[in-house]
Protein chains: 2
Amino acid sequence: MAKQHELREKGLRLTPQRELVLQAVRELGHATPEEVAEKVRSTHPGINLSTVYRNLETLENVGLVLHTHLGHGGATYHAAEELTHLHLVCSVCGSIGDAPIDTAANFVNTLADDYGFKTDVTHFAIYGTCQKCSK
Amino acid sequence: MAKQHELREKGLRLTPQRELVLQAVRELGHATPEEVAEKVRSTHPGINLSTVYRNLETLENVGLVLHTHLGHGGATYHAAEELTHLHLVCSVCGSIGDAPIDTAANFVNTLADDYGFKTDVTHFAIYGTCQKCSK
DNA sequence: ATTGCTTTTGCAATTTGTTCGCAGGTATTA
DNA sequence: TAATACCTGCGAACAAATTGCAAAAGCAAT
Ligand SMILES: [Mn+2]
Ligand SMILES: [Mn+2]
Ligand SMILES: [Zn+2]
Ligand SMILES: [Zn+2]
């Protein structure tokens, strides 16, 4: 029995658009739907934005991508396996820094112990002012 | 010299619409612009939604209200003096729990010490699964 | 390869949330 | 009460995201 394509393994049809959307998310790190579309268009100019939205949703449903909120606007997408860090978003300059998820481990444990709340610290960014802008 | 109205103290004109928007934010706890408009309309039916948006922005500029992001959609507004808690948003049932800001004190200190990052933990919600939905 | 079923796509229209320009109205100060 | 900023209502404009639909394409069975 031959090894299946990862999309087929998830029960999805294998279309060029879908593969390209997944590949774009993986290459871009974090990207808005518009940025994903932009990237995909470099090899597949005809792709429609609604196809990108639908595929991002589908890929998220099967666990291959995830979204996070980095700012006041829309979501950004990550490859699921890469979402291993916190996002530190600076409200002054807009820079996006990273910190290991462990940084929040105690905080997450406290919320679990005191409130029974299971926190996903990557879904929303950590918002504040970066070192450069604090001076 | 008589005590000034708080809006006048901030250099703003005292209009019925503005007072009502501020009062609505204070009474509602957290509210979307649409919800604020709804509330204001109970005593001032004619208020326009764009007036609500403009006043929320103005009131935020002078520090009387603040906005936070509780979900995937638009912002919600708080009275500035009431934003003294974290929001624990459940991704399953949508409930919004509170926790004291102190809960995050160590986390905030770590980010400051290790990254020079000054965190505002109230701007984005804490996202996860509540106790009820974990079972 | 062909068929038939089902999913996916492109496209246009729609919805939703927010902002803008402008003309008339109102709060404030003198 | 008159001058002048500021503010409001209104409609239009805008942007992001969603939807309905018919045509196209993927897939499994023949
Ligand atoms: Mn914000
Ligand atoms: Mn989200
Ligand atoms: Zn910065
Ligand atoms: Zn819940």
Side-chain angles (χ1 to χ4, degrees), chain A residues 1-25 30-41 43-62 64-65 67-77, chain B residues 1-25 30-41 43-62 64-65 67-77:
Chain A
M1 166 176 171
K3 178 157 153 282
Q4 290 217 55
H5 188 284
E6 62 182 328
L7 290 174
R8 304 254 44 236
E9 267 173 1
K10 300 290 188 177
L12 300 177
R13 287 195 182 172
L14 191 51
T15 68
Q17 292 91 336
R18 189 163 281 163
E19 272 194 290
L20 288 163
V21 165
L22 178 55
Q23 190 188 335
V25 170
H30 28 75
T32 61
E34 190 63 60
E35 288 164 345
V36 170
E38 190 74 18
K39 176 91 178 172
V40 172
R41 284 194 197 107
T43 57
H44 189 108
I47 196 168
N48 194 275
L49 191 51
S50 63
T51 300
V52 173
Y53 274 101
R54 286 187 284 224
N55 274 320
L56 288 171
E57 187 184 356
T58 301
L59 293 170
E60 186 158 28
N61 285 339
V62 299
L64 289 171
V65 311
H67 77 265
T68 61
H69 301 273
L70 300 183
H72 307 184
T76 62
Y77 287 81
Chain B
M1 166 177 174
K3 179 156 153 280
Q4 290 218 55
H5 188 284
E6 61 182 328
L7 291 173
R8 304 255 44 237
E9 268 171 2
K10 301 289 188 178
L12 301 177
R13 288 196 182 171
L14 191 52
T15 68
Q17 291 91 337
R18 189 162 282 163
E19 273 194 290
L20 287 164
V21 165
L22 178 55
Q23 189 189 335
V25 169
H30 27 74
T32 61
E34 190 64 59
E35 289 164 344
V36 171
E38 189 75 18
K39 176 90 178 171
V40 173
R41 282 192 199 110
T43 57
H44 189 109
I47 196 168
N48 194 275
L49 190 51
S50 64
T51 300
V52 173
Y53 274 100
R54 285 186 285 225
N55 274 319
L56 287 171
E57 187 183 357
T58 301
L59 292 170
E60 187 159 27
N61 286 338
V62 299
L64 288 171
V65 311
H67 77 265
T68 61
H69 301 274
L70 300 183
H72 307 183
T76 60
Y77 288 81

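All chains are named by letter (A, B, ...) in the order of the sequence lines, taking the proteins before the strands, and each is independently numbered beginning at 1.
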- Query: Counting any heavy atom closer than 4.0 Å, what does B:His44 reach on the DNA or RNA strands: base, sugar-phosphate only, or nothing?
  - Reply: sugar-phosphate
Checklist line | Salt-bridge contact B:Arg54-B:Glu57 (side-chain N to carboxylate O under 4.0 Å) | finding: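 B:Glu57 and B:Arg54: not salt-bridged.
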Can you confirm whether the side chains of A:Thr76 and A:Thr32 place a donor and an acceptor under 3.5 Å from each other?
no
Exercise: do B:His30 and B:Glu35 side chains pair donor with acceptor under 3.5 Å = no
What one should report as the nearest heavy-atom pair of B:Ile47 and B:Ala37 is CG2-O, 4.4 Å
Nearest heavy-atom approach of B:Pro33 to B:Leu49 is O-CD1, 4.1 Å
| Rounded distance in Å - CG (A:Leu56) to P (C:dT9) |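 Rounded to the whole Å, the gap is 11 Å.
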Below 3.5 Å between N/O atoms, which protein atoms pair up with nucleotides 14-21 of chain C? Just atom names and distances, please.
from, atom 1, to, atom 2, distance (Å)
C:dT18, OP2, B:Tyr53, OH, 2.3
C:dT18, O5', B:Tyr53, OH, 3.1
C:dG21, O6, B:Arg54, NH1, 3.3

query: When B:Arg18 is tested against each of B:Thr51, B:Leu64, B:Asn55 for side chain to side chain contact (heavy atoms under 4.5 Å, CB included), which residue passes?
result: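 Going through the options one by one, the only one that passes is B:Asn55.
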**Parallel, tilted or perpendicular: ring planes of B:Tyr77 versus B:His67, cut at 30 and 60 degrees** =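 Rings of B:Tyr77 and B:His67: tilted, 30 to 60°.
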For chain B, the stretch of DNA chain D it reaches, first to last nucleotide, under 4.0 Å of its heavy atoms
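On DNA chain D, the outermost contacted nucleotides are D:dA5 to D:dC10.
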Here the residues of residues 12-19 of chain A within 4.0 Å heavy-atom distance, strictly under, of DNA chain C are A:Arg13, A:Thr15, A:Gln17, A:Arg18
Next on the checklist: A quick test of your reading: do over 12 heavy atoms of other residues, nucleotides or ligands sit less than 6.0 Å from CD of B:Gln17?
Outcome noted: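 Yes.
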#### Entry: Check: A:His69 ring centroid to B:His69 ring centroid under 6.0 Å
no
How about A:Thr68 and A:Leu70: do any of their side-chain heavy atoms sit closer than 4.5 Å? yes
